[in-house]
Amino acid sequence: MTYPQLKIDLNKLKHNTKVILDICKSKGISVAGVTKGFCAIPEIVEAMVEAGIETIADSRIENLKKIQHIPVKKLLLRLPMPSQAEDVVNFADISLNSEVETIDALSHAAQKFDKQHKVILMVDLGDLREGILPHEVTDVVEEILNMSNIELAGIGVNLNCYGGVIPTGHNLSELVSIAHKIEKEYSISIPIISGGNSGSIHLIQANTMPKEINHLRIGEAILRGFETSFGKHIPNTFTDVFTFTAEVIEIREKSSVPIGTLGLDSFGNKPVFVDKGQIWRAIIACGKQDIKVDGLLKKDPNISILGGSSDHTILDVTKTSADIRVGDIIEFELDYGAILMACTSEYVNKTIFK
Ligand SMILES: *Cc1c(COP(=O)(O)O)cnc(C)c1O
């Protein structure tokens, strides 16, 4: 075995995928399975597809390229860069958009390859990341409908992200009424009304999801079993599809407070310390180049994470009853950002269990 190691349990992932699909299907909602959290590692994507996902969504076209051989619809989540228009129409069936100029570039690229490209127009309902404002919708739709190689497949919203705005029956109803308004004004149908991400699941659970919302883009709930508006665990899902292990390279009893005049730490921040007297400190061989250190979720509640630098993470193991020695392997669950970092780092060995 080589460490640090990220273990991925595909059976648990498939189980979570099925649970989320069942929750959404019960309300007539289709799910785009979001793979950016694990860099769209093809074997993991395949497991999601085997569990019933019909559309895979990722923020990066590079990730969608990696999984071209997997027969599943592909959706690009991040607004396309105009410079990538050709890749977008070639490697994604559908993309989320908010800029007429970009959609026009997609139309020209699609024309060049004799394709039709589908777009979901994003509307900003207050989270202040991507999306046109509600009052701009009519004008933008009119321009899209005039483009030869673009099909307006739907409208969508993203919440919970930049501003942390929580999806509610109220703001999602606003999305629905925008869709209805477009349908009436242009006598067209808007097949997809995409009501957000893992943060929208609580509305299904509370039975307050507007019935016209028929699409969600879901990553974290599948990968970790959490809805993300309130951080609640979703019943009957696994939280440990992804686990992380690292090896102890030093264990010593030392002071809890550094000795000497304090300047900046290795990342240019001024550290703050709590004096707990002498403590047992274990160093594990992983750091910020491998993992989001504060996203390591320890299994033993008596171990605490003191911090880390690029290549080292320091644990306070004073209170644990485990007899920790050099060479021991410590295991963690991970938050979403930590999964993402571990998958991105080439120093983390990935082991997939079927
Ligand atoms: C990342 C992302 C999602 C998925 O978010 P989760 O919280 O992982 O479900 C959905 N939509 C967009 C636009 C995204 O960027």
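First listed ligand is number 1; within each ligand, the first listed atom is number 1.
Screening E43, E46, E50 against K354 for a salt bridge (charged side-chain N to carboxylate O under 4.0 Å, His left out) leaves a single residue, E43.
Closest to atom 9 (O) of ligand 1 among all protein heavy atoms lies S198 OG, 2.5 Å. Scanning the protein heavy atoms around atom 12 (C) of ligand 1, the nearest turns out to be N158 OD1, 3.5 Å. Looking only at heavy atoms of the protein, atom 3 (C) of ligand 1 is closest to K36 NZ, 3.7 Å.
Residue I218 has at least one heavy-atom neighbour below 4.0 Å for each of these atoms of ligand 1: 9 (O). Listed by number with element, the atoms of ligand 1 under 4.0 Å from a non-hydrogen atom of E220 are 6 (P), 8 (O), 9 (O).
Contact annotation: for L96 versus ligand 1, heavy atoms closer than 4.0 Å belong to the side chain alone. Counting heavy atoms closer than 4.0 Å to ligand 1, residue R78 contributes nothing at all. Contacts between R129 and ligand 1 below 4.0 angstrom, taking non-hydrogen atoms only, involve the side chain exclusively.
Residues satisfying the side-chain hydrogen bond (donor to acceptor under 3.5 Å, both in side chains) test with K232, not counting sequence neighbours, are none.
A tilted orientation is assigned to the rings of F244 and F332, their planes being inclined by 30° to 60°.
Ligand 1 is approached by E130 to a heavy-atom distance shorter than 4.0 Å. Heavy atoms of R224 stay at 4.0 angstrom or farther from ligand 1.
Under the 4.5 Å side-chain criterion, counting only non-hydrogen atoms from C-beta, E174 is not in contact with V157. V317 is not listed as a side-chain neighbour of R281, based on a closest heavy-atom distance of 4.5 Å or more.
Atom NE2 of H170 sits in a sparse spot, with 12 or fewer heavy atoms from other residues, nucleotides or ligands closer than 6.0 Å. Around the OH atom of Y162, the shell of radius 6.0 Å holds no more than 12 heavy atoms that belong to other residues, nucleotides or ligands.
The shortest N/O to N/O separation between R217 and ligand 1 falls below 3.5 Å. The shortest N or O to N or O distance between G219 and ligand 1 is below 3.5 Å.
Ionic pairing of K350 and E346 is not present here: no N-O contact between side-chain nitrogen and carboxylate oxygen is shorter than 4.0 angstrom.
Linking ILVMFWY residues whenever their side-chain heavy atoms come closer than 4.5 Å, directly or via other members, leaves L340 and L13 in distinct clusters.
For the residues L216, N197, L223, I201, the heavy atom positioned nearest atom 5 (O) of ligand 1 is part of N197.
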